[in-house]
Amino acid sequence: MIILALDTAGVDCAAAVYDSGRNTVLGEASDMIGKGHAEHLMGIVDRALDQAGIALSAVERIAVTVGPGSFTGIRVGVAAARGFALSLGVPAVGVTTLAVMAEAERQRSPGQAVLAAMDAKRNEIYLQSFDPAGRPLDEARAVTTEDAQAFAADFDGAITGSATPLLRPNAGEQANHFPISIVARLGAAADPSSGKPKPLYLRGPDAKPQAGFAIARV
């Protein structure tokens, strides 16, 4: 199956073409742009397709990061994924950025559970834990920094993401990064019957921390 993966959830604008049958990334392109994903995304997709040497019509599934991350960037990526899926008549699936970060850390630290933690500012952290095989142990959620620290104190495994220094004081600074090749692989494994991808934001900017996702302000 040929997957077209998109990521506009952070400072990068990225796309990859992945062949799940061969477990091979055929082409990928990424620019660190910060803002302006809407203007850059189609060019990034063209570059990934050109590198892969295939036409857009060969794509059989779209995968896209759905958050947490940049409010505007995620809306751009999700809209593009839905548009591609509709025009090609193929399914589109959403991949959370926490799952992407956890899988990247799992590859660096095999055999360990992973806690993905993003600093959402305003005394909030986006949090989700995964077992050593990459399966989620709990739901992704927005919690206070104090609650996240209490959870992390009892967590036996690696921690990754921009909130790591808040949870483990001796840890160095970390940036949130969502490797597009991992987005593609997770997208290939996702259940296409789960419905159209949509941005993961469940509360307004003035709401209190609660279970579930909210979009980080970047």
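Positions are given from 1 along the sequence. This is a predicted model, so every value here is computed, not measured.
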K.L.:
Are any side-chain N or O atoms of S30 and backbone N or O atoms of A14, one a donor and one an acceptor, separated by less than 3.5 Å?
P.N.:
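No; zero donor-acceptor contacts below 3.5 Å.
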K.L.:
Using 0.5 Å steps for rounding, measure from the CG atom of D7 to the NE2 atom of H37.
P.N.:
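It comes to 7.0 Å.
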K.L.:
Does S70 use its side chain to pair, donor to acceptor, with the backbone of A9 at less than 3.5 Å?
P.N.:
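Here the side-chain-to-backbone pair does not exist.
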K.L.:
Is I44 reachable from I2 through a run of I, L, V, M, F, W or Y residues, each pair having side-chain heavy atoms under 4.5 Å apart?
P.N.:
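Different clusters.
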K.L.:
To the nearest 0.5 angstrom, please state how far the OG1 atom of T164 sits from the CE atom of M101.
P.N.:
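One finds 8.0 Å between OG1 of T164 and CE of M101.
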K.L.:
Can any side-chain N or O of Q128 pair as donor or acceptor with the backbone N or O of A116 at less than 3.5 Å?
P.N.:
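Absent.
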K.L.:
Between OG1 of T65 and CG of L98, what distance do you get to the nearest 0.5 Å?
P.N.:
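One finds 11.5 Å between OG1 of T65 and CG of L98.
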K.L.:
Crowded around D156 CG? As in, over 12 foreign heavy atoms under 6.0 Å?
P.N.:
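12 or below, so no.
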K.L.:
Hey, are the side chains of L41 and T8 touching, using non-hydrogen atoms and a 4.5 Å cut-off?
P.N.:
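Yes; the side chains approach each other to less than 4.5 Å.
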K.L.:
Please determine whether residues M42 and L49 belong to a single hydrophobic cluster, defined as Ile, Leu, Val, Met, Phe, Trp and Tyr linked transitively by side-chain heavy-atom distances below 4.5 Å.
P.N.:
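Yes, it is one cluster - the side chains of M42 and L49 are joined through contacts under 4.5 Å.
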K.L.:
Which atoms form the tightest heavy-atom contact between V95 and A63, and what is the distance?
P.N.:
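Taking V95 first and A63 second, the nearest heavy atoms are CG2-CB, 4.5 Å.
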K.L.:
Does some side-chain heavy atom of N23 sit less than 4.5 Å from a side-chain heavy atom of Y18?
P.N.:
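They are in side-chain contact.
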K.L.:
Is any side-chain heavy atom of L115 less than 4.5 Å from a side-chain heavy atom of E105?
P.N.:
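Of all side-chain heavy-atom pairs linking E105 with L115, none is under 4.5 Å.
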K.L.:
By the definition side chain to side chain contact (heavy atoms under 4.5 Å, CB included), identify the one residue from I3, V45, L56, L4 that meets it with V17.
P.N.:
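Only one of I3, V45, L56, L4 forms a side chain to side chain contact (heavy atoms under 4.5 Å, CB included) with V17, namely L4.
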K.L.:
Does a side-chain N-to-carboxylate-O contact under 4.0 Å join D31 and R47?
P.N.:
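Between R47 and D31 there is a salt bridge, with a charged N closer than 4.0 Å to a carboxylate O.
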K.L.:
Look at E139 together with R141 and state whether they make a salt bridge at an N to O cut-off of under 4.0 Å.
P.N.:
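No salt bridge links E139 with R141.
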K.L.:
Could you give the distance from CZ (F151) to CD1 (I125), rounded to the nearest 0.5 Å?
P.N.:
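Result: 12.0 Å between the selected atoms.
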K.L.:
Do the non-hydrogen side-chain atoms of L127 and L167 ever get within less than 4.5 Å of each other?
P.N.:
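Yes, at least one pair of side-chain atoms sits under 4.5 Å.
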K.L.:
After noting the C-alpha distance and the side-chain angles of V114 and E103, does the key distance pass the side-chain contact (heavy atoms from CB on, under 4.5 Å) rule?
P.N.:
CA-CA 8 Å; V114 179; E103 179 61 22; over 6 Å; no
K.L.:
V11, I74: one ILVMFWY side-chain cluster at the under-4.5 Å cut-off?
P.N.:
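Each belongs to a different hydrophobic cluster.
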K.L.:
Under 3.5 Å, side chain of S109 to main-chain N/O of R106, donor-acceptor pair present?
P.N.:
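No, the answer is negative, given that no donor and acceptor are paired below the 3.5 Å cut-off.
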K.L.:
Return the minimal non-hydrogen interatomic distance between A113 and P132, and the atom names on each side.
P.N.:
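So the two residues come closest at N-CG, 3.7 Å.
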K.L.:
Grab the two heavy atoms, one from R82 and one from K196, that are nearest each other, plus how far apart they are.
P.N.:
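Scanning both residues, the minimum pair turns out to be NE-CB, 4.0 Å.
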K.L.:
Are L186 and F130 connected in a single hydrophobic cluster, I mean Ile/Leu/Val/Met/Phe/Trp/Tyr linked by side-chain heavy atoms less than 4.5 Å apart?
P.N.:
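Different clusters.
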K.L.:
For a quick check under 3.5 Å, do D19 and T24 share a side-chain donor-acceptor pair by atom type?
P.N.:
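The answer is no; no qualifying pair exists.
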K.L.:
Taking all heavy atoms of A15 and all of L6, pick out the closest pair and write down the distance.
P.N.:
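Here A15 and L6 meet closest at CB-CD2, 4.1 Å.
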K.L.:
Under 3.5 Å, is there a donor-acceptor pair between the side chain of Q149 and the main chain of L166?
P.N.:
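Checked: pair present.
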K.L.:
What are the two closest heavy atoms between A85 and A92, and how far apart are they?
P.N.:
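Heavy atoms only, the tightest pair is CB-CB, 3.8 Å.
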K.L.:
Are V25 and F178 joined in one hydrophobic group, where the rule is that I, L, V, M, F, W and Y side chains link up if heavy atoms are under 4.5 Å apart?
P.N.:
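No: no chain of side-chain contacts under 4.5 Å links V25 to F178.
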K.L.:
Are the side chain of R61 and the backbone of V90 linked by a donor-acceptor contact shorter than 3.5 Å?
P.N.:
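No; zero donor-acceptor contacts below 3.5 Å.
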K.L.:
Decide yes or no for I33 and E39: does some side-chain heavy atom of the first lie under 4.5 Å from some side-chain heavy atom of the second?
P.N.:
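I33 vs E39: side chains apart.
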K.L.:
Side chains of D119 and Y126: any donor to acceptor distance under 3.5 Å?
P.N.:
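No, D119 and Y126 have no side-chain donor paired with an acceptor closer than 3.5 Å.
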K.L.:
Roughly how far apart are E173 CD and S162 OG, rounded to 0.5 Å?
P.N.:
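Rounded to the nearest 0.5 Å, the CD-OG separation comes to 9.0 Å.
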K.L.:
Return the CG to NE2 distance between D12 and H177, rounded to the nearest 0.5 Å.
P.N.:
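D12 CG to H177 NE2: 6.0 Å, rounded to 0.5 Å.
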K.L.:
Looking only at heavy atoms, which two atoms of P179 and A104 are closest? And how far apart?
P.N.:
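Of all heavy-atom pairs spanning P179 and A104, the closest is CG-CB, 4.2 Å.
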